[in-house]
Amino acid sequence: MMFLGKDPSLVFGVSRRLLLSFALIIPLSGFTSVENLFAPSADLWPRWERHDPNSTAKIDFSDWDGLLKRFVQVSSDGVNRVDYAAFRSGGKGALAKVIADLTALPISRYTRDEQLAYWINLYNAVTVQVILAHYPVESIRDIDISPGLFSDGPWDKELVSVEGEALSLNDIEHRILRPIWNDPRLHYAVNCASIGCPNLARDAYDGAEVGNRLDSAAKDYINDPRGVSVAGSKVTVSKIYDWFQEDFGGSTHSVLAHLKRYAAPALAERLDAIGDIEDTRYDWSLNDGTSPQG
């Protein structure tokens with residue numbers, strides 16, 4: 001789901017001097033950082049709006065579901081970790097078949113709900129495949145396969161083809177998912193193989209239950225310290241709410257309203273009483289199943 005460089009001074013190849021000049025001339029409100037200025041916008045690719053509202057066809061995600069249940073483990077710290085070493089030795093071929101089968105589908109002929117589950121599952125499967133192809137790595141940001149002089153990470157490299165169109169991970173997230181569905185809960189579903197990211201689910205998304213699954217994913221992340229933490233009168237949130245503040249309403253107030261909607265009662269009460277966000281954080285470490293757990 002992410003895009004930022006190892007060094008904030010090279011976000012999208014922007015030099016430190018230029019980045020700082022933007023910081024000086026563009027006022028930032030609330031907890032918004034300079035990084036927010038360079039986050040990808042939702043830029044619709046119109047051809048992917050095609051769908052068939054009358055279709056009764058269902059996509060079979062059972063093979064992807066089986067791989068998730070086999071290689072994704074629930075850690076005691078609440079992070080779903082992927083056993084990439086075991087996956088690479090015992091599931092790499094099966095994953096390739098899953099992706100080949102999904103990309104061969106005429107996805108424009110399905111309903112919106114089936115398409116939504118499809119794009120989420122495809123994004124996550126391709127992300128795992130990228131990690132397996134370069135494992136071991138400490139972070140997905142170390143996989144510098146995107147094109148361009150200042151390339152960082154895998155997100156801009158065209159990795160799959162669907163209906164004759166070559167697609168990158170950024171295409172799927174920012175040109176298909178975000179602009180078509182316009183749903184902030186999508187950020188809890190697509191996984192960037194990092195500790196700070198919302199969990200990679202152990203169950204494949206399914207068109208019939210996709211709305212409920214997104215609600216559950218939102219609740220899980222917001223009520224985990226990776227999403228929101230409160231210490232005294234200080235509220236710290238994931239950088240996701242900074243990078244994509246526009247998707248959450250565009251202001252500190254709207255982000256807090258979103259958080260309170262899915263927060264447990266005690267957390268919602270504290271957020272309401274404090275009424276502000278002071279800081280953000282994010283852990284780019286790989287969500288590896290062999291990492292220390294605790």
Side-chain angles (χ1 to χ4, degrees), residues 1-2 61 64-83 113 116-117 119-125 127-128 131 140 173 177-178 181-231 235-245 247-249 254-272 277 279-289 291-294:
M1 102 175 324
M2 294 302 137
F61 297 113
W64 172 232
D65 186 81
L67 291 173
L68 290 169
K69 287 179 169 58
R70 183 178 172 190
F71 295 111
V72 179
Q73 308 162 348
V74 180
S75 168
S76 59
D77 60 5
V79 179
N80 284 6
R81 298 180 185 267
V82 183
D83 190 344
D113 285 346
L116 178 55
W119 290 117
I120 291 171
N121 288 326
L122 181 61
Y123 184 100
N124 290 339
T127 297
V128 171
I131 298 297
I140 189 173
E173 182 176 5
L177 282 168
R178 288 176 63 208
W181 280 274
N182 193 29
D183 188 334
R185 297 176 301 168
L186 291 170
H187 292 291
Y188 307 117
V190 292
N191 183 268
C192 64
S194 301
I195 296 295
C197 189
N199 281 333
L200 174 62
R202 298 189 71 244
D203 307 285
Y205 276 79
D206 176 82
E209 295 291 330
V210 68
N212 291 335
R213 288 288 305 280
L214 291 175
D215 274 343
S216 295
K219 292 175 184 176
D220 288 346
Y221 190 63
I222 289 169
N223 290 286
D224 184 279
R226 290 171 295 160
V228 182
S229 63
V230 182
V235 175
T236 300
V237 301
S238 167
K239 284 184 178 290
I240 290 172
Y241 303 109
D242 172 16
W243 296 329
F244 301 107
Q245 188 178 132
D247 293 3
F248 297 94
S254 62
V255 170
L256 284 169
H258 172 85
L259 298 177
K260 288 186 288 185
R261 178 178 178 181
Y262 297 102
L267 176 59
E269 184 176 346
R270 295 186 74 183
L271 292 175
D272 194 48
I277 296 171
D279 201 3
T280 62
R281 65 183 174 198
Y282 199 85
D283 184 350
W284 279 105
S285 303
L286 190 70
N287 59 341
D288 194 347
S291 298
Q293 300 180 16

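Both backbone and side-chain heavy atoms feed into the values below; hydrogens, waters and symmetry mates do not.
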message: So, taking the atom named CG in Asp272 and the one named CZ in Arg270, what distance separates them when rounded to the nearest 0.5 Å?
response: 13.0 Å

- request: Measure the CG-CD distance between Leu200 and Gln73 for me, rounded to the nearest 0.5 Å.
  value: 11.5 Å

- line: Hits for salt bridge (Lys or Arg N to Asp or Glu O under 4.0 Å) against Asp279, two or more places apart or cross-chain, chain-then-number order -> Lys234

query: Between His258 and Phe248, what is the ring plane arrangement, given parallel below 30°, perpendicular above 60°, and tilted in between?
result: perpendicular

- prompt: Ala125 and Trp64: which non-hydrogen atoms are nearest, and at how many Å?
  reply: CA-CH2, 3.5 Å

task: Could you check Arg178 against Glu173 for side chain to side chain contact (heavy atoms under 4.5 Å, CB included), going step by step and ending with a plain yes or no?
output: CA-CA 6 Å; Arg178 288 176 63 208; Glu173 182 176 5; 4.2 Å; yes

- prompt: After noting the C-alpha distance and the side-chain angles of Tyr188 and Ser216, does the key distance pass the side chain to side chain donor-acceptor pair (under 3.5 Å) rule?
  reply: CA-CA 9 Å; Tyr188 307 117; Ser216 295; over 6 Å; no

field: Backbone of Ala264 reached by a side-chain donor or acceptor of Asn223 within 3.5 Å
entry: yes

statement: Arg226 and Cys197 have their tightest heavy-atom pair at NH1-O, 3.1 Å

task: Could you walk me through whether Asn199 and Arg81 pass the side chain to side chain donor-acceptor pair (under 3.5 Å) test, one step at a time?
output: CA-CA 8 Å; Asn199 281 333; Arg81 298 180 185 267; over 6 Å; no

query: Hey, does the side chain of Asn121 reach the backbone of Ala117 with a donor-acceptor pair shorter than 3.5 angstrom?
result: yes

field: Closest non-hydrogen atom pair, Tyr282 against Ser238
entry: CD1-OG, 3.8 Å

query: Is there a donor-acceptor pair closer than 3.5 Å between any side-chain N or O of Asp83 and the backbone N or O of Phe71?
result: no

- request: Heavy atoms only: give me the nearest Trp284-Ser194 pair and the separation to one decimal.
  value: CE3-OG, 3.3 Å

field: Nearest-0.5 Å distance that lies between atom OG in Ser75 and atom CD1 in Ile195
entry: 7.5 Å

query: If you round to the nearest 0.5 Å, how far is CG of Asp247 from CG of Asn182?
result: 7.5 Å

Mind listing the side-chain donor-acceptor pairs of residues 203-215 below 3.5 Å, one per line with the distance, residues two or more places apart or on another chain?
residue: Asp203; atom: OD1; partner: Lys69; partner atom: NZ; Å: 2.6
residue: Asp206; atom: OD2; partner: Ala208; partner atom: N; Å: 3.0
residue: Glu209; atom: OE1; partner: Asn212; partner atom: ND2; Å: 3.1
residue: Arg213; atom: NH1; partner: Ala204; partner atom: O; Å: 3.0
residue: Arg213; atom: NH2; partner: Asp203; partner atom: O; Å: 3.0
residue: Asp215; atom: OD1; partner: Arg185; partner atom: NH1; Å: 2.9
residue: Asp215; atom: OD1; partner: Tyr262; partner atom: OH; Å: 3.4

query: Can you name the nearest heavy-atom pair linking Ala193 to Thr127, along with the distance?
result: CB-CG2, 4.1 Å

Close side-chain approach of Thr280 to Thr236, heavy-atom, < 4.5 Å: no

query: Does atom CZ of Arg202 have more than 12 heavy-atom neighbours from other groups under 6.0 Å away?
result: yes

task: Would you give the length of the straight line joining atom CG of Leu186 to atom CZ of Phe244, rounded to the nearest 0.5 angstrom?
output: 11.0 Å

statement: Scanning both residues in full, the closest heavy-atom pair of Leu259 with Ile222 reads O-CG2, 3.7 Å

